[in-house]
Amino acid sequence: MKTLTLSEKELPFDLDLTFSCGQIFGWKKSGNIWKGVHNGRIITIRQDNRTIRYSGCDKKVLYHFLGLKDNIPEIYQSICTHIAKFTHEKQDLFFLERFLLSKGIRILRQDPWECLFSFICSSNSNVRTIGKRIGLLMENYGTCCSIGENLFPEPLAMGAIDEESLRKCLTGYRAPYLMGTAEYIITHPDFFLKISSLSYPDAKKELMILPGVGPKVADCVLLFGFERMEAVPVDIRIRKIITAQYQDIIPGEKGTKTLSYDTIADFCRSYFGPYAGYAQQYLFATRDVRQELSV
DNA sequence: ATCCAGGTACCCA
DNA sequence: TGGGTACATGGA
């Protein structure tokens with residue numbers, strides 16, 4: 001195990017919250033140690049206050065993966081500045097409360113394929129089931145590292161599976177999505193490079209070419225896999241929160257009609273600013289989620 | 001049992 | 001372009 005100590009500008013950081021808030025799947029905690037796959041390697045991480053112990057990668061990779069370069073106080077300031085500009089009020093107490101509950105979260109920098117694979121698996125399921133599903137897929141089709149330690153399935157492996165056996169891994173109707181997307185990645189080897197080079201709106205359109213990738217999954221992949229902090233995944237929970245808390249201040253949206261995906265996401269970008277993705281994650285990941293997951 | 005879950009594809013007006 | 005609906009399945 002290697003060790004590093006978090007400096008003042010790398011705080012706050014909460015490993016548990018970061019790994020259990022629904023942005024990454026397939027990681028397991030035993031004792032105090034989190035273990036999982038990042039970029040084709042098995043990594044273990046534990047946190048004791050400001051001490052991080054880790055294995056499986058070098059310090060540079062870990063820093064990048066964990067988003068430790070992000071300056072959280074600056075990000076929070078940026079968000080507050082944009083809120084104040086939007087509302088002409090001093091502060092948003094609702095958001096402040098949510099932020100204080102989950103400020104230790106970092107937006108991870110996941111491997112694009114691992115992230116894409118995960119969020120195709122995520123549709124219309126709860127966080128716990130998604131984790132199980134991805135665990136099964138890794139056990140059955142992931143490259144074996146050592147006994148009991150598998151990586152994510154490679155696109156080539158996914159393309160070669162018959163749908164019937166894939167459906168046995170709790171994938172259900174998502175099975176053809178996984179296979180179709182794998183096939184597309186195989187036949188377009190520069191796909192992720194292309195996504196990196198495109199603007200946020202164009203990258204999102206391009207991702208949505210893939211089967212099983214709609215606006216929500218595309219935003220998750222852009223936020224968690226491509227560092228696009230302006231991406232705002234709108235799921236049921238975010239929809240409920242924005243509707244209940246902010247619908248009245250969205251221009252032209254006062255009333256009872258349901259808000260469209262883009263209305264919610266665009267509002268978040270204009271309300272929270274360029275770090276809307278972080279703001280979204282603070283709203284999404286409250287303490288109840290943490291309790292729900294910490295079994 | 002019934003409803004819900006980090007949705008998407010497809011159909012129809 | 002926008003609004004229903006089917007889809008699989010574990011959890012609560």
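By convention in this document, chain letters (A, B, ...) are assigned in the order of the sequence lines, proteins followed by strands, and residues within each chain are numbered from 1.
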Item to check | His38(A) and Phe65(A) aromatic centres sub-6.0 Å | outcome: yes

Checklist entry - To the nearest Å, how far apart are Ile134(A) CD1 and dG6(B) P? => result 13 Å

Item to check | Side-chain donor/acceptor of Asn124(A) to base of dA8(C), under 3.5 Å | outcome: yes

Checklist entry - Using centres under 5.5 Å plus planes under 30 degrees as the test, is Phe284(A) stacked with dG6(B)? => result yes

Item to check | Pairwise C1' distance, dA9(B) and dG10(C) [rounded to whole Å] | outcome: 22 Å

Checklist outcome for this item: In whole angstroms, the gap separating P of dG6(B) from CG of Asp219(A) amounts to 17 Å

Checklist entry - Rounded to whole angstrom units, what separation is found between the CG atom of Leu178(A) and the C1' atom of dG7(B)? => result 14 Å

Distances for protein N or O near nucleotides 9-13 of chain B N or O, under 3.5 Å:
from: dA9(B); atom 1: OP1; to: Gly212(A); atom 2: N; distance (Å): 2.8

Checklist outcome for this item: Apart from Leu170(A) itself, members of its ILVMFWY cluster (side-chain separation under 4.5 Å) are Leu136(A)

Checklist entry - If you check the Thr129(A) side chain, which of dG6(B), dG10(C), dT8(B) turns out closest? => result dG10(C)

Next on the checklist: Please give the distance between the P atoms of dG4(C) and dG6(B) as a whole number of Å.
Outcome noted: 23 Å

Checklist entry - With a 3.5 Å cut-off and no angle check, do the side chains of Glu183(A) and His188(A) form a donor-acceptor pair? => result no

Checklist entry - CZ of Phe99(A) to CG of Asp92(A): how many Å apart, nearest 0.5 Å? => result 12.5 Å

Checklist outcome for this item: Arg239(A) atom CZ is separated from dC4(B) atom C1', nearest whole Å, by 15 Å

Checklist entry - In residues 161-176 of chain A, which ones come under 4.0 Å of DNA chain C, going by heavy atoms? => result Arg167(A), Leu170(A), Gly172(A), Tyr173(A), Arg174(A)

Next on the checklist: From NZ of Lys240(A) over to P of dG7(B), roughly how many Å is that when rounded to an integer?
Outcome noted: 11 Å

Checklist entry - CD of Gln281(A) versus C1' of dG6(B): gap in Å, rounded? => result 9 Å

Checklist entry - Distance check: side-chain N/O of Arg128(A) vs OP1/OP2 of dA12(C), anything under 4.0 Å? => result yes

Checklist outcome for this item: Whole-Å distance, Leu116(A) CG to dT8(B) C1', equals 14 Å

Item to check | Carboxylate-amine/guanidinium proximity below 4.0 Å for Lys168(A) and Glu164(A) | outcome: no

Checklist entry - For DNA chain B, which residues in residues 257-277 of chain A have a heavy atom at a distance below 4.0 Å? => result none

Item to check | Test: Glu149(A) and Lys35(A) ion pair at under 4.0 Å | outcome: yes

Checklist entry - Strictly by modelled atom types, are Ser125(A) and Arg174(A) linked by a side-chain donor-acceptor pair under 3.5 Å? => result yes

Checklist entry - At what distance, to the nearest 0.5 angstrom, does SG of Cys115(A) lie from CD1 of Ile24(A)? => result 8.0 Å

Next on the checklist: Suppose the criterion is ring pair (Phe, Tyr, Trp, His ring centres under 6.0 Å): which pairs have a residue in residues 110-151 of chain A, not counting sequence neighbours?
Outcome noted: Phe25(A)-Phe119(A), Trp113(A)-Phe117(A), Phe117(A)-Phe152(A), Phe119(A)-Phe224(A)

Checklist entry - Is the Phe272(A) to Phe95(A) ring centre distance short of 6.0 Å? => result yes

Item to check | Point-to-point distance, once rounded to the nearest 0.5 Å, from SG of Cys57(A) to NZ of Lys2(A) | outcome: 6.5 Å

Checklist entry - In whole Å, what is the span from the CZ atom of Phe25(A) to the P atom of dG7(B)? => result 9 Å

Checklist entry - Quick one: side chain to side chain donor-acceptor pair (under 3.5 Å) partners of Lys204(A), sequence neighbours excluded? => result Asp219(A)

